[in-house]
Visitor: 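Before anything else, here's the structure in question.
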Amino acid sequence: MNEHREQSILDREVEDEQVKQRDTSILRPLDTAARLGRLMWQEFELSRMAAGWVPGVRQYEHKLQLGRFAYLHSRNMKMLYERIGELPGSLSEKEGTPAPIREAYERISQAADAYAFYIGYLFLAERQAEQYDKLLQQLDSVLDAPTVDQLRYISVHRDAVIHGLREQLELSSELGAGRENELKQWGEYVALLWVLLDQAGDTKQMESIVWPAHPTAAPAGPIPEQPLHDEENFPMYRPAPEKAGGRAYDDEEMSPLFYSVKQMHYINATEISAAQSLCYMYYGVQKMPLAFYFDLMRHTWDEFRHSEMGVRRLKELGYETKQFKFFGGGYSQDMAKEFYADMYAGLTMVAEPCSFIKKRKSAEAFWEYGDARSAVQCEFDMVDERMHVDFGKKWGPELYRQAGDLITAAAMSERARERRLGQLGVVPQEEIKRLVKSFPAFCGLSTVELNYSKY
Ligand SMILES: [Fe+2]
Ligand SMILES: [Fe+2]
């Protein structure tokens with residue numbers, strides 16, 4: 001050992017000794033950063049848990065609610081992340097959630113059914129609220145005012161989630177009837193994991209936790225292989241063999257509005273399937289920068305909103321969702337390593353940019369027919385979609401890079417269009433190269449036009 005190193009070890013020992021004697025009730029900037037870091041990773045895991053259970057709940061409104069909650073956790077996370085960036089210390093962003101926190105939260109999310117999941121989720125959200133309150137009490141209102149501000153913003157959304165979860169459990173209490181023992185055992189398991197994490201204190205100590213056996217033999221979520229679907233109110237589209245794999249929305253069987261510009265609202269309503277696919281992706285993609293997860297969650301939540309606004313407008317116009325056909329989608333466990341990158345490129349480089357033309361023309365038509373509400377809906381839709389295409393250009397190549405494939409945004413976009421034309425199988429191979437460069441012609445093949453001349 002050289003002299004210099006020996007000296008630095010000695011210095012550290014002296015410092016450690018000083019830390020032991022220090023008044024720890026006053027938080028130094030480094031201490032605050034460490035507390036915020038843990039809260040931030042917990043928010044991330046709550047967000048993954050909520051998104052991962054979207055396909056695990058059957059009712060449409062429950063899917064929307066979990067989508068909203070996943071977004072709120074992600075927003076909280078972003079606020080913490082911003083403040084942590086101003087404080088000293090490092091976050092080890094690349095490594096992601098510390099392994100013991102992820103382990104505990106994943107175990108708690110692996111519940112027997114949605115009802116048990118909500119119990120575990122509420123427990124974690126309430127404990128986290130206590131952590132926030134405790135930290136707020138310790139912070140100096142002048143020295144650490146920027147942190148206090150962030151926590152105050154967070155508390156609004158935090159309370160909304162807790163309130164929503166309590167209400168959810170109350171409204172579905174019949175699902176707990178007759179299984180008191182099982183649920184008591186589940187609640188104890190959840191509480192025990194929390195105690196283990198809490199007692200361990202920092203992540204180094206957490207690594208030595210011995211995890212108790214999981215009480216659920218076959219969890220129903222998160223990310224079930226087949227998403228649950230409310231078939232009664234949102235019947236599934238099952239195309240006749242000759243119609244399968246064709247242009248998107250090119251079947252009058254799907255919607256009583258097929259020959260009307262109001263078909264746009266139906267298309268919006270079906271975006272719940274895009275939202276759900278993005279939930280799988282949010283849960284499944286690992287080791288990306290946190291900015292990616294913030295953008296992806298915003299994108300996901302927007303698709304929930306688009307579906308919600310579509311369903312709302314159809315109902316306002318006197319229709320029931322039962323009259324339309326919706327999409328589901330399942331997910332193989334052993335998917336190719338580029339599965340998510342391909343899906344994301346398909347959505348952001350094909351489906352979303354091609355939808356602009358329809359949305360713009362629909363907005364113009366709705367204004368002409370005097371339907372301002374529908375027109376404005378299309379305008380907001382375009383605002384969101386523009387942002388999604390930008391997300392795609394930014395993160396698509398990054399996702400391919402992670403899968404070992406270096407590609408530029410432009411090449412990724414062309415490849416996604418080539419793949420789409422290949423799927424449709426209506427264009428000769430030599431035509432494909434030319435068509436992918438002509439955007440309107442490509443979109444005309446990929447998706448069906450609407451009948452703007454009929455309200
Ligand atoms: Fe959308
Ligand atoms: Fe979108």
Side-chain angles (χ1 to χ4, degrees), residues 51 54-55 60 63-64 66-68 70-71 74-75 227 234 237 247-249 254-255 257 261-282 285 291-314 321 324-329 340-363 366 373-396 399 409 412-413 416-417 420 439 442-443 446-450:
V54 167
Y60 176 76
K63 289 180 191 287
L64 292 186
L66 283 177
R68 169 77 179 154
Y71 172 69
S74 162
R75 245 188 92 90
F234 292 81
Y237 175 57
R247 289 193 301 179
Y249 300 103
M254 289 172 159
S255 152
L257 291 170
V261 64
K262 288 181 281 186
Q263 172 80 346
M264 196 63 237
H265 301 320
Y266 157 66
I267 293 175
N268 280 142
T270 65
E271 289 182 56
I272 188 71
S273 70
Q276 205 153 247
S277 299
L278 290 172
C279 282
Y280 277 94
M281 182 172 169
Y282 185 76
V285 171
F292 163 77
Y293 296 100
F294 300 149
D295 288 349
L296 181 62
M297 186 39 72
R298 172 60 201 268
H299 186 170
T300 308
W301 178 57
D302 285 346
E303 304 309 346
F304 280 105
R305 287 169 50 239
H306 296 164
S307 175
E308 188 176 8
M309 75 187 187
V311 167
R312 183 178 66 176
R313 195 75 190 116
L314 288 177
T321 53
F324 299 85
K325 299 286 192 294
F326 293 83
F327 313 107
Y340 285 123
D342 285 349
M343 184 192 96
Y344 190 62
L347 183 64
T348 57
M349 299 294 117
V350 174
E352 292 180 322
C354 279
S355 75
F356 281 139
I357 308 161
K358 271 195 288 215
K359 281 164 190 168
R360 190 173 39 75
K361 287 188 190 168
S362 298
F366 282 128
R373 189 150 160 81
S374 294
V376 169
Q377 188 163 305
C378 294
E379 289 176 358
F380 272 108
D381 196 359
M382 281 190 281
V383 171
D384 296 336
E385 294 304 345
R386 211 167 299 265
M387 184 163 66
H388 301 167
V389 174
D390 286 343
F391 287 161
K393 284 184 200 149
K394 182 173 177 194
W395 297 115
L399 285 166
M412 169 185 71
S413 172
R417 288 178 212 167
R420 175 69 181 136
F439 206 61
F442 164 76
C443 290
S446 177
T447 179
V448 75
E449 262 295 357
L450 302 186

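Start at 1 and go down the list; that is how both ligands and their atoms are numbered.
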Visitor: State whether the number of non-hydrogen atoms from other residues, nucleotides or ligands found under 6.0 Å of Phe380 atom CZ is greater than 12.
Guide: no
Visitor: Sequence neighbours left out, what passes side chain to side chain contact (heavy atoms under 4.5 Å, CB included) with Asp390? Give chain and number order.
Guide: Lys393
Visitor: My understanding is that only residues two or more places apart in sequence, or in another chain, count here; which of them pass ring pair (Phe, Tyr, Trp, His ring centres under 6.0 Å) with Tyr71?
Guide: Trp301
Visitor: Once side chain to side chain contact (heavy atoms under 4.5 Å, CB included) is applied, do any residues pair with Arg313, and if so which ones, sequence neighbours excluded?
Guide: His265, Glu316, Leu317, Asp371, Arg373, Ser374, Gln377
Visitor: Near the Fe ion (ligand 1), meaning under 2.8 Å, how many protein N/O/S atoms are there?
Guide: 4
Visitor: Name the orientation class of the two ring planes belonging to Phe391 and His299 (parallel below 30°, tilted from 30 to 60°, perpendicular beyond 60°).
Guide: tilted
Visitor: Measure centre to centre between the rings of Phe234 and Tyr60, then say whether the value is under 6.0 Å.
Guide: yes
